[in-house]
Amino acid sequence: MPSKTNNSKDNKLNQKIAPASLRLDDELLRWYDENARDLPWRIAPKPKNKSKGTNKNTNKITGKNKTRSQHKRPNPYHVWLSEIMLQQTTVATVGPRFLTFLKQWPTIHHLAKSPVEDVTGAWAGLGYYARARNLHKCAQVLVADYDGKFPQSEEELKKLPGIGDYTAAAITTIAFNQYALVMDGNIERVTARLYREATPLPAAKPILKEHLSHYWPRPDKQARHGDFAQALMDLGSGICRPKNPLCLLCPIKGFCQAHQTGNPQDYPVKLAKKQKPTRRGIGFVVYNQKGEIALERRADKGLLGGMLGFPGTGWSETEKSILKQESKINAIAPLAAKWDYAGEALHTFTHFHLIMGVYVAKLETNPRRTKNYEWIVPHTAQLPTVMKKALERATDHFKNEA
DNA sequence: AATTCGGGGTT
DNA sequence: AACCCAGAATT
């Protein structure tokens, strides 16, 4: 816990920690030019010289970076897609998914004319599926009303589905190098440590923005807004980590109040989170004679909205007993069959644990596709993770039986 | 201002 | 287990 409450007087004091001759943005961008992560959606701040035995001088940038803001900009479509995928999702997870997605939909026009089911299918396993539905809707709006081009202001971007405060600012800075104050989880942490901000998140967010505004490059055409934002995020993920920050390697430690007079690990302060309840339910995995499984398209809103899933009961905290009695199972099953119990699939969502009892059956017929569910070859089904786990229970069951 | 949205990696 | 992640939309 922070040992002491912050106040504005401390902050003004703090800005004089570093020598007046040094500027945070200069130091950070200098670090970024040498240490920027190589990411599929990113244009490197400068070409990397990978040839061996050549110039090892790393301090090539000594003058003002006047032309830096005019280096090649990334494709706005790529920036937008990556930012949507990166919402609450790690760079390691997004990397390969981003490349696969781009291969399937090279431009926003391809994306806009594709069926939404193809887009949610490609999103399977990534989570937060409203992102996929909003992504598709946003593409259609941009093609229909914006000539397929992204607006360059935060205000206009925020009107689009799936684009909120962070993503609007990120696109404005990264794709167009316009001024916008970007505040994500990484930058929140860096800023909270710079100012040793004791107000807990999420209430601290506007305060942190105010703090950071003192350091953000002015709305100047020469300024490197996009690189500054990405540098802060790289710093947050690689140096100013939640635990065990590498302060000795930090290019802006001279500006950091937590590094100098506190414990960086204590920031940002966050409100305690509620503990997760456990819900229970039943899922039915049934194969037809061709080896296909019955899947239903879930409602467009709510959990796993618009995704494929197994027929089953709802998921409830009050239903304590897995119904093992065959008579009751037959009453709630999607169709008549000899149902076997295949065990539990365990999964944890953002706000609850799930224990799903899995029942399995094999038919010797091929029922028609109905309004409620369709038959799909298992290994081609684009399923959310919890449903993949249920399918795995079924697969294990028949493997052990054989 | 709180809650609802997934899933995987780290510690 | 708890925490975190280039958060947004809804209530």
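Quick caveat, the model's predicted, so the values are computed rather than measured. Every chain is numbered from 1, with letters handed out A, B, ... down the list of sequences.
Lys243(A) has no side-chain polar atom (N or O) that falls below the 4.0 Å cut-off from OP1 or OP2 of dC3(C). A close approach under 4.0 Å does occur between a side-chain nitrogen or oxygen of His347(A) and OP1 or OP2 of dG7(B).
Look at the C1' atom in both dC3(C) and dG6(B): the space between them is 15 Å, to the nearest Å.
Using a 4.0 Å cut-off between charged nitrogen and carboxylate oxygen, Asp396(A) and Arg393(A) count as a salt-bridge pair.
Remark: side-chain polar atoms of Asn75(A) are paired, donor with acceptor, to backbone N or O of Tyr77(A) under 3.5 angstrom. A donor-acceptor pair under 3.5 Å links the side-chain atoms of Arg218(A) to the main chain of Trp216(A), judged by distance alone. In this structure a side-chain-to-backbone donor-acceptor pair under 3.5 Å is missing from Arg37(A) to Asp234(A).
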Exercise. Apply side-chain contact (heavy atoms from CB on, under 4.5 Å) to the pair Thr191(A) and Glu197(A), showing each step before the final yes or no.
Key: CA-CA 8 Å; Thr191(A) 309; Glu197(A) 178 54 56; over 6 Å; no

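Phe352(A) places its CZ atom 10 Å from the P atom of dG7(B), with the value rounded to the nearest Å. With rounding to whole Å, Leu346(A) atom CG is found 18 Å from dG6(B) atom P. Note: CG (Leu271(A)) to C1' (dA1(B)) measures 11 Å, nearest angstrom. Rounded to an integer number of Å, the gap from Asn244(A) CG to dT10(B) P is 14 Å.
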Quiz prompt | Protein proximity profile, nucleotides 4-10 of chain C - base contact B, sugar-phosphate-only contact S, no contact -, cut-off 4.0 Å on heavy atoms | solution = SBBBSS-

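Shown are Tyr373(A), Phe310(A), Tyr341(A), Trp339(A); of these, the ring pair (Phe, Tyr, Trp, His ring centres under 6.0 Å) with Phe284(A) is made only by Trp339(A).
Map Arg241(A) and Leu383(A) each onto its nearest nucleotide of DNA chain B; the residue landing nearer the 5' end is Leu383(A).
Counting any heavy atom pair closer than 4.0 Å across all strands shown, Pro202(A) reaches no nucleic acid atom.
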